[in-house]
There are 2 protein chains.
Amino acid sequence: MPGAVSLLAWGRLIDAGARARHKARAGLKAAGLPPPEWYDILQLLGRHGAQRPRDIQHKLGIEQYTLSRLLARMDQAGLVAMQPCTVDRRGQITALTAQGEACRAAMWPTYAAAIRSAIEARLDPDERVQLAVMLEKIA
Amino acid sequence: MPGAVSLLAWGRLIDAGARARHKARAGLKAAGLPPPEWYDILQLLGRHGAQRPRDIQHKLGIEQYTLSRLLARMDQAGLVAMQPCTVDRRGQITALTAQGEACRAAMWPTYAAAIRSAIEARLDPDERVQLAVMLEKIA
DNA sequence: GATTGATCGATGCACCTGCATGCAAAACCC
DNA sequence: GGGTTTTGCATGCAGGTGCATCGATCAATC
């Protein structure tokens with residue numbers, strides 16, 4: 001049976017995580033922008049170059065079917081482009097389009113605001129470090 | 001623009017929260033048990049007695065429409081009973097049934113295991129306190 | 001180089017959630 | 001009291017998620 005402190009930490013972890021995600025999503029939606037997952041993908045493709053769904057899936061920890069449909073929507077929206085993969089004909093190369101990069105850039109201010117209001121507005125610098133350290137052990 | 005530590009903390013918060021929730025849900029489902037939200041409601045009704053949806057909603061921070069359907073399913077499953085509210089005929093009193101209490105008890109070991117593996121297996125006691133404190137400031 | 005098994009990605013289905021709205025009862029206000 | 005606003009809960013609809021499974025391709029073993 002978990003101790004009281006563990007229960008407290010658990011409850012707050014679940015709650016804080018849900019709230020944070022929800023707020024970020026709401027802020028983006030209010031600005032007419034896509035959800036946070038899109039940002040993560042756009043960012044990954046921008047930083048690390050075009051890659052296969054499988055790799056994105058592992059790096060971001062998204063379920064296979066979720067990512068598949070996510071990419072389909074983003075492709076539909078013109079933010080990424082799917083190209084046939086020459087070395088493995090099952091796969092596809094998912095590349096960031098110019099429009100995709102523009103979208104990522106457009107999302108950043110709003111996304112960043114959510115992060116600031118969740119983390120920086122409530123924790124001073126050394127508390128942020130503490131939180132990051134504790135959370136690393138959990139994830 | 002958020003600092004690097006804030007970004008790190010944010011990412012881990014989102015990730016750890018999602019992972020924790022997902023693991024708890026998966027564990028319960030694997031044991032043929034209802035999802036974690038059900039536990040929270042059953043627990044609340046057990047501890048604090050029968051009450052109206054509105055109160056549950058505020059205490060647990062659930063969206064109104066989510067709770068409405070959640071309670072409908074739990075009622076359907078016989079875990080709670082909806083009784084007309086005498087003091088406000090719009091409302092209903094949601095009460096825990098014996099079957100509901102049994103379900104809550106049956107869920108606890110599995111739920112507790114998820115909490116232990118997420119918190120207690122990875123943090124020693126004073127780290128748990130630190131985490132709880134940091135998360136309180138965020139939530 | 002053929003068979004067998006594993007991996008990649010898509011998708012049908014059922015369920016769940018978010019949003020907007022509806023209806024009914026209460027609270028407010030003149 | 002009569003009309004307006006607010007509150008409590010339910011729900012139709014659109015969209016997202018999880019699960020299982022599929023077709024296609026690759027890899028491994030013989």
Side-chain angles (χ1 to χ4, degrees), chain A residues 14 17-19 21-41 45 50-77 80-95, chain B residues 14 17-19 21-41 45 50-77 80-95:
Chain A
I14 299 299
R19 255 178 229 284
R21 252 226 186 271
H22 188 269
K23 278 214 166 189
R25 179 179 312 274
L28 288 167
K29 174 171 273 194
L33 294 166
E37 301 87 15
W38 288 38
Y39 184 87
D40 297 336
I41 294 179
L45 293 179
Q51 51 199 291
R52 299 177 55 180
R54 174 95 181 118
D55 300 323
I56 301 175
Q57 178 188 337
H58 283 136
K59 285 175 190 158
L60 297 184
I62 308 179
E63 303 289 337
Q64 185 272 319
Y65 43 83
T66 301
L67 180 61
S68 178
R69 291 189 265 227
L70 217 52
L71 290 178
R73 278 174 247 145
M74 294 176 73
D75 184 28
Q76 181 72 21
V80 302
M82 313 290 260
Q83 304 156 358
C85 176
T86 56
V87 303
D88 183 343
R89 271 176 303 179
R90 291 170 301 185
Q92 304 168 38
I93 303 292
T94 303
Chain B
I14 299 299
R19 256 179 229 283
R21 205 191 313 274
H22 188 268
K23 279 214 166 188
R25 179 178 311 275
L28 288 168
K29 174 171 273 192
L33 293 167
E37 301 88 15
W38 288 37
Y39 183 87
D40 297 336
I41 293 179
L45 293 180
Q51 51 199 290
R52 301 177 54 181
R54 174 96 179 110
D55 300 323
I56 302 176
Q57 177 188 338
H58 284 136
K59 285 176 190 158
L60 298 183
I62 308 178
E63 302 290 338
Q64 184 272 319
Y65 43 83
T66 302
L67 180 62
S68 177
R69 291 190 265 229
L70 217 52
L71 289 178
R73 277 174 245 144
M74 294 175 72
D75 183 29
Q76 180 74 18
V80 301
M82 312 289 260
Q83 303 156 358
C85 176
T86 56
V87 304
D88 183 343
R89 271 176 302 181
R90 290 170 302 185
Q92 304 167 38
I93 302 291
T94 305

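The chains referred to below are lettered A, B, ... by the order of the sequence lines, with proteins before strands, and numbering in each begins at 1. Source: prediction; values computed, not measured.
Distances shorter than 4.0 Å separate some side-chain N or O of R73(B) from OP1 or OP2 on dT17(C). Proximity of R89(A) to the phosphate of dA24(D): no side-chain N or O atom is located under 4.0 Å from OP1 or OP2. Taking only side-chain nitrogens and oxygens, R54(B) comes nearer than 4.0 Å to OP1 or OP2 of dG8(D).
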Stepwise, does the side chain to side chain contact (heavy atoms under 4.5 Å, CB included) test hold for L70(A) with E37(A)? CA-CA 8 Å; L70(A) 217 52; E37(A) 301 87 15; 3.9 Å; yes

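Comparing dA10(C), dT25(D), dT17(D) by their closest approach to the side chain of T66(A) singles out dT17(D). Nearest to the side-chain atoms of S68(B) among the listed nucleotides dT17(D), dA10(D), dC26(D) stands dA10(D).
In this structure, H58(A) and H22(A) both approach DNA chain C, and ranking their closest nucleotides by distance from the 5' end singles out H58(A). Residue G91(B) is the one, among Q64(A) and G91(B), whose nearest nucleotide of DNA chain D lies closer to the 5' end (criterion: closest heavy atom).
Under a cut-off of 6.0 angstrom, the local environment of NZ in K59(B) is crowded, with over 12 non-hydrogen atoms contributed by other residues, nucleotides or ligands. A 6.0 Å sphere centred on CZ of R89(B) holds no more than 12 heavy atoms belonging to other residues, nucleotides or ligands.
Evaluation of atom-type donor-acceptor distances gives a pair under 3.5 Å for the side chain of R90(A) against the base of dT7(C). Judged by atom type and distance alone, R69(B) reaches the base of dG18(C) through a side-chain donor-acceptor pair under 3.5 Å.
In this structure, R25(B) contributes its side chain and P36(B) its backbone to no donor-acceptor pair below 3.5 Å.
Spacing between atom CE of M74(B) and atom C1' of dC16(C) amounts to 16 Å, rounded to whole angstrom units. Whole-Å rounding puts the D88(B) CG to dC9(D) P distance at 7 Å. Residue R25(B) contributes atom CZ, which lies 16 Å from atom P of dC15(C) at whole-angstrom precision. Atom C1' of nucleotide dC9(D) and atom CD of E63(B) are separated by 14 Å, given to the nearest angstrom. Atom C1' of nucleotide dA20(C) and atom NZ of K29(A) are separated by 12 Å, given to the nearest angstrom. Across the protein-nucleic acid pair, Y65(A) atom OH and dT17(D) atom P stand 10 Å apart, rounded to whole Å. Taking atom CD on Q76(B) and atom P on dA10(D), their separation rounds to 14 Å, with Å as the unit. One can place CD of Q92(B) at 16 Å from C1' of dA26(C), the figure rounded to the nearest angstrom.
A distance of 9.0 Å separates CZ of R54(B) from CD of Q64(B), quoted to the nearest 0.5 Å.
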